[in-house]
Amino acid sequence: MAQLKVDAEPEEVGFDAQRLQRVEAHFRRYVDDGKLPGFTAVVARRGRVVLHAHHGLADVEAQRPVADDTIWRIYSMTKPITSVAVLMLYERGLLELTDPVARYIPSFGDLRVYRSGSAANPGTVPASEPMRIWHLLTHTAGLTYGWHHAHAVDEMYRAKGFEFGVPPGMDLAAACDAWAALPLLFEPGTEWNYSVATDVLGRVVEVVSGRPLDAFLAEEVFTPLGMEDTAFHVAPDEVGRLAGLYMPNPQGGLLRNSVMGDKVTQEPTFLSGGGGLVSTAADYHRFTQMLARGGELDGARLLGPHTVAYMTRNHLPGGADLERFGRPISSESYNQGVGFGLGVSVVVDAAAGKTLTHEGEYAWGGLASTAFYVDPAAEVTAMFFTQLVPSSTYPIRSQLRALVNQALVG
C-alpha cells in the first residue's frame with residue numbers, strides 16, 4: 001500500500017507554516033458546519049509533503065473517521081489517468097493523435113452533426129471532419145454527457161440511458177457504438193464540450209493494446225507507480241475503507257446517495273475511463289508526482305518529459321480559453337483564462353481566471369468534489385478529497401488554490 005506522510009517542515013520548501021494552517025482550518029469549517037462529511041487535503045512542494053490533513057467522517061452513518069487509507073470515488077480524476085495511457089501508446093508508435101477514431105472503433109466512421117429540431121425529431125447533417133484522437137483528448141469531439149441538461153443532444157443521451165453512467169449490462173464497446181449512433185453537438189474541432197470522450201479513449205486503449213482497460217491500467221500505470229488501491233471497484237474485503245457518498249440536504253446537512261455510491265462495490269461491466277476509478281490520497285499523490293517529475297517516479301517512467309510538457313499545454317485553437325471556445329460545465333468551473341490540454345485543464349491567463357494561481361498550472365477534479373492540481377511555476381502539487389455531489393456545490397477548488405498560494409513565501 002502506498003504511504004503518504006509529511007516529510008518536510010513548511011519553511012524548508014518556502015511555505016509559511018502559520019499561513020499553511022489556514023488550508024486545514026478553512027475546510028474544517030465546512031465539516032463542522034455540516035457542509036461536507038469529511039476530507040483529506042495534501043500539499044507538496046518539490047515532491048516533499050508539507051500538509052496531509054484529515055477531518056471529519058468518511059462514513060457518517062457508521063461514524064467512521066477519514067483515515068490515511070480511506071478509499072474515494074475519484075470520478076473524473078480518472079480522465080488524466082486514461083489520457084496518460086493513450087499518450088503511452090502514442091509514444092510507442094501504436095497510434096497517432098491525428099488518427100480517425102473510426103480506425104479503432106468503426107462505428108465512428110459515419111457521424112452526423114445536430115443542426116436543429118428537438119431530441120425526438122432532430123435535423124442532422126453528415127460530419128465533414130472525422131473525429132480524431134486529439135479531439136477526444138481535448139473534449140472537442142462533439143460528444144456530450146446526458147447530465148448536462150443543456151441541449152437536445154444531451155436529452156437524446158438520457159433517452160438512451162446515458163445520464164450518470166450507461167444502461168445496465170452494457171459494456172464499453174457497446175456504449176461507444178451507441179454514442180457513435182447519436183448526433184454530435186458540433187463538427188469535431190470547432191468547440192469544447194465536456195463529454196464521454198475519455199470513455200471512448202478507454203475503448204481505444206483496449207483496441208490498440210489488445211487488453212481490457214482495467215488490465216492495461218493495472219499493468220502499465222498502477223503497478224509501476226505502486227498505486228495498489230486504485231481500481232474500477234472496491235473489493236468486498238476493502239468496502240470498510242470506502243467513504244460514503246453524500247449530497248446536500250435542502251433542509252440542511254447531508255443526505256447519503258446510495259444509488260450512485262454503492263455502484264463501486266460491484267465489479268463493473270462498463271469500464272469507464274472517464275469516471276470509473278476509486279483511489280486513495282496516497283495513490284493519487286503518486287500519480288501527481290509522476291506528472292510533476294516529467295513522467296517518472298522512483299525509477300518508473302510512464303512518459304517522457306517532452307510528452308508531459310506537450311500534454312499540459314493549451315491545445316485549444318488559437319490559444320483560446322474555455323470562455324471563448326467552450327460550453328461551460330458548471331457555475332464552479334473557472335472558464336476565463338483556462339484552456340485545455342490533453343486530458344487536463346491548463347491556466348493560460350491567471351488574471352483573467354480571477355483565481356490565485358500561475359500560468360501553466362494544470363488540473364482536473366471529480367463529480368464528488370475531489371480535485372488536484374500541479375503548478376510547475378510554483379513547484380507545488382495539491383489534492384483535495386471528499387465525497388459530495390455535485391462538485392459545483394461549493395467553490396472548493398478555487399479556495400484550495402488561494403489558500404495554498406497565499407502560504408507560499410519563498
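For clarity, every value in this text was computed on a predicted model and none was experimentally measured.
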Trainee: Consider side chain to side chain donor-acceptor pair (under 3.5 Å). Of Arg28, Gln21, Arg22, which one does Glu24 pass it with?
Mentor: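 Between Glu24 and the candidates, side chain to side chain donor-acceptor pair (under 3.5 Å) is satisfied uniquely by Arg28.
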Trainee: Verify, without hydrogens or angle tests, whether Asn314 (side chain) and Leu316 (backbone) share a donor-acceptor contact under 3.5 angstrom.
Mentor: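 It does hold such a pair.
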Trainee: Could I get the full list of side chain to side chain contact (heavy atoms under 4.5 Å, CB included) partners for Val221, not counting sequence neighbours?
Mentor: Ile81, Met88, Leu217, Leu225, Leu302
Trainee: Would you say Thr78's side chain and Leu277's backbone share a donor-acceptor pair under 3.5 angstrom?
Mentor: yes
Trainee: For Tyr114, check ring-ring contact (aromatic ring centres under 6.0 Å, His included) against everything at least two apart and list the hits.
Mentor: His151
Trainee: Listed by chain and number, what are the ring-ring contact (aromatic ring centres under 6.0 Å, His included) partners of His315, not counting sequence neighbours?
Mentor: Tyr310
Trainee: Mind telling me whether Tyr145 and His148 have parallel, tilted or perpendicular rings, with 30° and 60° as the class edges?
Mentor: perpendicular
Trainee: Looking at residues at least two apart in the chain, or sitting in another chain, which of them share a salt bridge (Lys or Arg N to Asp or Glu O under 4.0 Å) with Arg48?
Mentor: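 For Arg48 the salt bridge (Lys or Arg N to Asp or Glu O under 4.0 Å) partners, ignoring immediate neighbours, are Glu12.
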Trainee: With Ala181, which residues qualify under side chain to side chain contact (heavy atoms under 4.5 Å, CB included), at least two apart?
Mentor: none
Trainee: Indicate yes or no for a side-chain donor-acceptor contact from Asp199 to the backbone of Gly274 under 3.5 Å, with no hydrogens or angles considered.
Mentor: yes
Trainee: What I want to check is whether the side chains of Glu163 and His149 have a donor and an acceptor closer together than 3.5 Å.
Mentor: yes
Trainee: Start with the C-alpha distance between Ser279 and Trp72, add both sets of side-chain angles, then the distance that settles side chain to side chain contact (heavy atoms under 4.5 Å, CB included), and finish with yes or no.
Mentor: CA-CA 5 Å; Ser279 191; Trp72 310 94; over 6 Å; no
Trainee: Taking Thr386 for the side chain and Gly38 for the main chain, is one N or O donor matched with an acceptor at less than 3.5 Å?
Mentor: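 Yes, Thr386 side chain to Gly38 backbone: donor-acceptor pair under 3.5 Å.
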Trainee: Indicate the atoms forming the closest heavy-atom contact of Ala377 with Glu359, along with that distance.
Mentor: CB-O, 4.3 Å
Trainee: Which pair of non-hydrogen atoms, one from Ser118 and one from Ala152, has the smallest distance, and what is that distance?
Mentor: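 Of all heavy-atom pairs spanning Ser118 and Ala152, the closest is C-CB, 4.2 Å.
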Trainee: Leu57 versus Val66: any side-chain heavy-atom pair under 4.5 Å?
Mentor: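 No. Closest side-chain heavy atoms not under 4.5 Å.
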Trainee: I'd like to know if the side chain of Arg73 reaches the main chain of Gly261, judged simply by a donor and an acceptor atom lying under 3.5 Å from each other, with no hydrogens or angles considered.
Mentor: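 Yes, Arg73 side chain to Gly261 backbone: donor-acceptor pair under 3.5 Å.
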Trainee: Does anything in residues 272-297 pair up under ring pair (Phe, Tyr, Trp, His ring centres under 6.0 Å), and if so which pairs, sequence neighbours excluded?
Mentor: Tyr284-Phe287, Tyr284-Phe372
Trainee: Under the ring pair (Phe, Tyr, Trp, His ring centres under 6.0 Å) rule, what pairs show up with a residue in residues 233-272, not counting sequence neighbours?
Mentor: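 Of all non-adjacent pairs touching residues 233-272, none passes ring pair (Phe, Tyr, Trp, His ring centres under 6.0 Å).
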Trainee: Only counting residues at least two apart or in another chain, list the ones meeting side chain to side chain donor-acceptor pair (under 3.5 Å) with Thr124.
Mentor: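 Checked Thr124 against side chain to side chain donor-acceptor pair (under 3.5 Å); matches are Arg112.
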Trainee: Would you say the side-chain atoms of Arg301 pair up with the backbone N or O of Gly294, donor to acceptor, closer than 3.5 Å?
Mentor: yes
Trainee: Check whether Arg64 reaches the backbone of Leu242 with its side chain - one donor and one acceptor, N or O, closer than 3.5 Å.
Mentor: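 Such a contact is found between Arg64 side chain and Leu242 backbone.
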Trainee: Would you confirm whether Glu379, through its side chain, and Pro376, through its main-chain N or O, come within 3.5 Å as a donor-acceptor pair?
Mentor: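 No; judged by distance alone, with no hydrogens or angles, the pair does not exist.
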Trainee: When you measure from the side chain of Arg286 to the backbone N and O of Ala282, does any donor-acceptor pair fall under 3.5 Å?
Mentor: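 Checking the backbone N and O of Ala282 against the side chain of Arg286, no donor-acceptor pair under 3.5 Å is found.
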Trainee: Using side-chain heavy atoms (C-beta onward) and a distance below 4.5 Å, is Leu182 in contact with Tyr157?
Mentor: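 A side-chain contact exists here, since the closest heavy-atom pair is under 4.5 Å.
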Trainee: Apply ring-ring contact (aromatic ring centres under 6.0 Å, His included) to His26 and list each qualifying residue two or more places apart in sequence or on a separate chain.
Mentor: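 Residues passing ring-ring contact (aromatic ring centres under 6.0 Å, His included) with His26: Tyr30.
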Trainee: For the pair Asp375 and Asn405, evaluate side chain to side chain contact (heavy atoms under 4.5 Å, CB included) and give the outcome as yes or no after the intermediate values.
Mentor: CA-CA 10 Å; Asp375 187 338; Asn405 281 303; 4.1 Å; yes
Trainee: With a 6.0 Å cut-off (strictly less than), is the heavy-atom count around CG of Asp110, excluding the residue itself, greater than 12?
Mentor: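 12 or below, so no.
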Trainee: Mind checking side chain to side chain contact (heavy atoms under 4.5 Å, CB included) for Thr223 and listing every partner two or more places apart, or none if nothing turns up?
Mentor: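 Scan of Thr223 (side chain to side chain contact (heavy atoms under 4.5 Å, CB included), adjacent residues dropped) gives none.
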Trainee: When you compare the side chains of Thr40 and His54, does any donor N or O come within less than 3.5 Å of an acceptor on the partner?
Mentor: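 Side-chain D/A pair, Thr40 to His54: present.
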Trainee: Once side chain to side chain donor-acceptor pair (under 3.5 Å) is applied, what residue pairs with a partner in residues 88-101 remain, sequence neighbours excluded?
Mentor: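 Residue pairs passing side chain to side chain donor-acceptor pair (under 3.5 Å), neighbours aside: Glu91-Thr307, Arg92-Glu220, Asp99-Arg103, Asp99-Tyr104.
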Trainee: Output, in order, the C-alpha distance, side-chain angles, deciding distance and verdict of salt bridge (Lys or Arg N to Asp or Glu O under 4.0 Å) for Lys5 and Asp68.
Mentor: CA-CA 9 Å; Lys5 296 180 180 178; Asp68 287 358; over 6 Å; no
Trainee: Surrounding CD of Glu267 (heavy atoms of other residues, nucleotides or ligands, distance under 6.0 Å), is the total greater than 12?
Mentor: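 No, not enclosed.
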Trainee: Taking Leu143's backbone N and O only, do any of them form a donor-acceptor pair with Asn193's side chain (distance below 3.5 Å, no angle check)?
Mentor: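 Checking the backbone N and O of Leu143 against the side chain of Asn193, a donor-acceptor pair under 3.5 Å is found.
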Trainee: Output all residues satisfying ring-ring contact (aromatic ring centres under 6.0 Å, His included) with His139, sequence neighbours left out; order by chain, then residue number.
Mentor: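 Scan of His139 (ring-ring contact (aromatic ring centres under 6.0 Å, His included), adjacent residues dropped) gives Trp192, Tyr194, Phe340.
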Trainee: CZ/Arg45 to CG/Leu408 distance, rounded to the nearest 0.5 angstrom?
Mentor: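 Between Arg45 CZ and Leu408 CG, I get 4.5 Å after rounding to 0.5 Å.
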